[in-house]
Amino acid sequence: MKHTPTIRAELDSYLQQKGLSLAQFGQLAGMNRGIISAIVTGNKSMSVNQLDRITEAMGLPEGEFYDLFIENFIIDHPPNMRRIEPFLFRCAELDKLDAIRRVVGAIMDNLLYSPKLFEIAEELLSQGKNAAALILYEGVAETERYQHSERLAVCQYRIFTIQIGDDQTQNLHAAAILEAFVERLNELDQLDALKDLANLYRSLNKWDKVDEMARKMREKAEIQYTIKHQQKKRECDEPAKKLSRPMFVYITYADLLCASVCEAQGDYQQALEYTYAYADLDWVLETDEDTLYWLNLYKDWAQCNSYIYKLLSGDTSVLPDYVEYIAKSKVDKEMVTKILNVLLAANQYQLDIDDILRRFETIINSFTQKVQPSSDMYTSQVIPEQYARFGYELAYYYLYRGSYGDGFKHLMYAMVQSHIINNETYFINCMGLFVKFRTHAVPEFKEEFLNLIEKVWLNNVEKNGSSDRRS
């Protein structure tokens, strides 16, 4: 039978090797002799704080004995949350994710511990320790998978928001899982979940799903908004604080999303109708600062999108006004979308926009900089997709106008971005554009292009578990 080492044995061995008394080691560890003696003799368990002091006094790395701590005091012992909770927080602090997994695996057979682990996960999430929180949420979700509880739904929502990343294929899978749990969330959390799902589907160009999520969100938001103003103000203010935006925004954002669906379908007139709907916000009853901020945003979005839908429908007379609007706009994450629409119109109607591109050259060059991570689903998903699309459309414009150097430069950028977000459609479109103009590519670019294709192929081989049969 394999003998499991103990922290007590390690400490006792260390004391003997160094010739230290209990009192001497106690001084090194900042602990009194009695506690050290009780630990060594096995008459007292220890806290993670005491373990950290002992580890430091022994000159060992932080967390050196965490696996032994789990063996000695958690596995095969009745769970003691007063010991386990600080241990989990400390593991998260030191990024000891495997240790967290072991603890969760050891105690999650019992549903009684789900509420506390859920609380710990929520606190870790608020501290930005997402990887550690994810392990706890997944543990709680697995334990409660047959409970049909709101906590299970919240766990699935948290798992969704943490796991969403660059890979759009994986994102689509995560969205499909979350959809099944939306109705189990409370009424207010449902609005944020539907908003996030709509934005994710928008980044994936799944327009039927965007439309579905938007309509559900509007219906639920309208009900909640009516309830809010039917009840006494004091009674409805408390739950409203849980929303990430004012209540009315979920109604108006549904109209904005539906306008985007119509745009994707080429129905620009219907897109304008939705735009006019969210431009008219006289029905909004709130007058606080946050509300005024969002009202101004929608006013700006309505003006911008009115230009866009007229331009894309073929009314190129609005292009000068739209360009001046862009020039006066604040340079922010939306700038890529604004200039992208100029490119879309130029490529569709064969417009010469060289002067416009030169005017915004500095801003366009900034698009190649890495997008900062964001917890907002629109910023983290829609904007990167727009960067990839922008690169393709800009390459298309330059190549068809004979500016091959600029065209191939932006084509390579678009391909890299498409690969990063695992958007096969954009990547294939880029390959097709290269094939169309390959005779104009310099040897250096052809080599760079082929190297990227090989890199993508090898990544797919590794990801799918296929074998590389090259000699």
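We count residues from 1, following the sequence as given. Just so it is clear, the values below take in all heavy atoms, side chains as well, and ignore hydrogens, waters and symmetry mates.
Between Y307 and Y322, the angle of the ring planes lies from 30° to 60°, which puts this pair in the tilted group. Ring orientation note: the planes of W294 and Y298 are tilted relative to one another, at an angle of 30° to 60°.
For the pair R102 and D67, the salt-bridge criterion is met [side-chain N within less than 4.0 Å of a carboxylate O]. Salt bridge K216/E219: absent, no basic N to carboxylate O contact under 4.0 Å. Here K220 pairs with E183 in a salt bridge; the nearest charged N to carboxylate O distance falls below 4.0 Å. Look at K228 and E286 and you find a salt bridge, because one of the NZ, NE, NH1 or NH2 atoms lies within 4.0 Å of a carboxylate O, short of that distance. Remark: R245 does not engage D290 in a salt bridge, criterion side-chain N to carboxylate O under 4.0 Å. A salt bridge links R145 with E142: the distance from a Lys NZ or Arg NE/NH1/NH2 to an Asp or Glu carboxylate oxygen falls below 4.0 Å. Between R202 and E385, none of the side-chain N atoms (NZ, or NE/NH1/NH2) sits under 4.0 Å from a carboxylate O, so this pair counts as no salt bridge. The existence of a salt bridge linking E85 and K116 is confirmed by a sub-4.0 Å separation between a basic side-chain nitrogen and an acidic carboxylate oxygen. Salt-bridge check for R359 with D355: failed, with every basic side-chain N at 4.0 Å or more from each acidic carboxylate O. With respect to the salt-bridge test (charged N to carboxylate O, under 4.0 angstrom), the residues E123 and K129 do not qualify.
Counting only heavy atoms from C-beta outward, the side chains of N423 and R389 never approach each other to under 4.5 Å. Counting heavy atoms from C-beta on, the side chains of F87 and I74 come closer than 4.5 Å. In this structure, the side chains of T316 and L351 come closer than 4.5 Å at one or more pairs of heavy atoms. With contacts defined as side-chain heavy-atom distances shorter than 4.5 Å, the pair T143/L117 does not qualify.
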Discussion item. Before you tell me yes or no, could you show the steps for H410 and Y396 under side-chain contact (heavy atoms from CB on, under 4.5 Å), namely the whole-Å CA-CA distance, both residues' side-chain angles and the distance that decides it to 0.1 Å?
Written reply: CA-CA 9 Å; H410 291 288; Y396 185 102; over 6 Å; no
Worksheet item: Going through the checks in order, is the side-chain contact (heavy atoms from CB on, under 4.5 Å) test met by S366 and M335?
Response: CA-CA 10 Å; S366 72; M335 193 60 74; over 6 Å; no
Practice prompt. Decide side-chain contact (heavy atoms from CB on, under 4.5 Å) for S244 and Y250; before the verdict, give the C-alpha distance in whole Å, the side-chain angles of both, and the deciding distance to 0.1 Å.
Written response: CA-CA 10 Å; S244 63; Y250 297 86; 3.2 Å; yes
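Summarising the geometry of Y378 relative to T337, their closest heavy-atom pair is OH-OG1, 4.3 Å, with the distance given to 0.1 Å.
Looking only at distances, no side-chain donor or acceptor of N305 sits under 3.5 Å from a matching main-chain atom of I308.
Remark: L272 CG to E263 CD distance equals 10.5 Å, nearest 0.5 Å. Between atom CD of residue E64 and atom CG of residue L94 there is a gap of 12.0 Å, rounded to the nearest 0.5 Å. Taking CD1 from I100 and CG from L134, the interatomic distance works out to 10.5 Å, rounded to the nearest 0.5 Å.
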